[in-house]
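Data block below; observations after.
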Amino acid sequence: MQAVLGGTVAWHAEVDPGPARILSRHWPSVPNLGDLTAVNWAEVPEVCVLTAGFPCQRRLGRRPSRRTG
C-alpha cells in the first residue's frame, strides 16, 4: 500500500509473537495494538486507509513449497 498510495504505517494489530517481531523489526517506531477486540479505539490515531492480510508471506524463490498437487 505504501508503494502505491504513499503515506506511513500508523499501527499494526498482530497477536502472534513471531509475526509481531517481524513487524517491529521492519517498523520499529510503529505501535502494535495486539488484539483488536481489546483496543480502546478512542485512543488510537485515525487512519485514511485500513488494510488486512496474511502476515509474513513467503517470497517466491526463498524456500521450496511444502504443498503438493
Side-chain angles (χ1 to χ4, degrees):
M1 291 303 299
Q2 283 182 287
V4 174
L5 299 176
T8 59
V9 177
W11 42 264
H12 306 288
E14 179 58 64
V15 295
D16 189 321
R21 280 191 301 275
I22 293 169
L23 291 169
S24 68
R25 185 174 63 225
H26 289 284
W27 292 277
S29 61
V30 174
N32 181 1
L33 303 180
D35 183 358
L36 290 177
T37 64
V39 173
N40 179 353
W41 291 104
E43 297 178 0
V44 176
E46 291 184 15
V47 295
C48 295
V49 177
L50 182 65
T51 64
F54 296 101
C56 306
Q57 294 180 5
R58 185 176 347 126
R59 292 184 182 178
L60 294 175
R62 283 187 88 180
R63 287 187 264 178
S65 174
R66 295 181 185 190
R67 296 173 69 179
T68 59

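FYI, side chains are in, hydrogens and waters are out, and symmetry mates aren't considered; it's all heavy atoms of this structure.
- V15 and G34 get closest at one heavy-atom pair: CG1-C, 3.6 Å.
- For S29, there are no side-chain hydrogen bond (donor to acceptor under 3.5 Å, both in side chains) partners two or more places apart in sequence or in a different chain.
- P31 and A10 make their closest contact through CD-O, 3.5 Å (heavy atoms, listed as atom of the first residue, atom of the second, distance).
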Report, one line per pair, each donor and acceptor closer than 3.5 Å where one atom sits in a side chain of residues 43-52; sequence neighbours left out.
unit_1	atom_1	unit_2	atom_2	d
E43	OE2	N40	ND2	3.2

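- Pairs passing the ring pair (Phe, Tyr, Trp, His ring centres under 6.0 Å) check and including a residue from residues 1-25, sequence neighbours excluded, read W11-W41, H12-W27.
- Heavy-atom minimum distance, A20 versus N32: CB-ND2, 3.6 Å.
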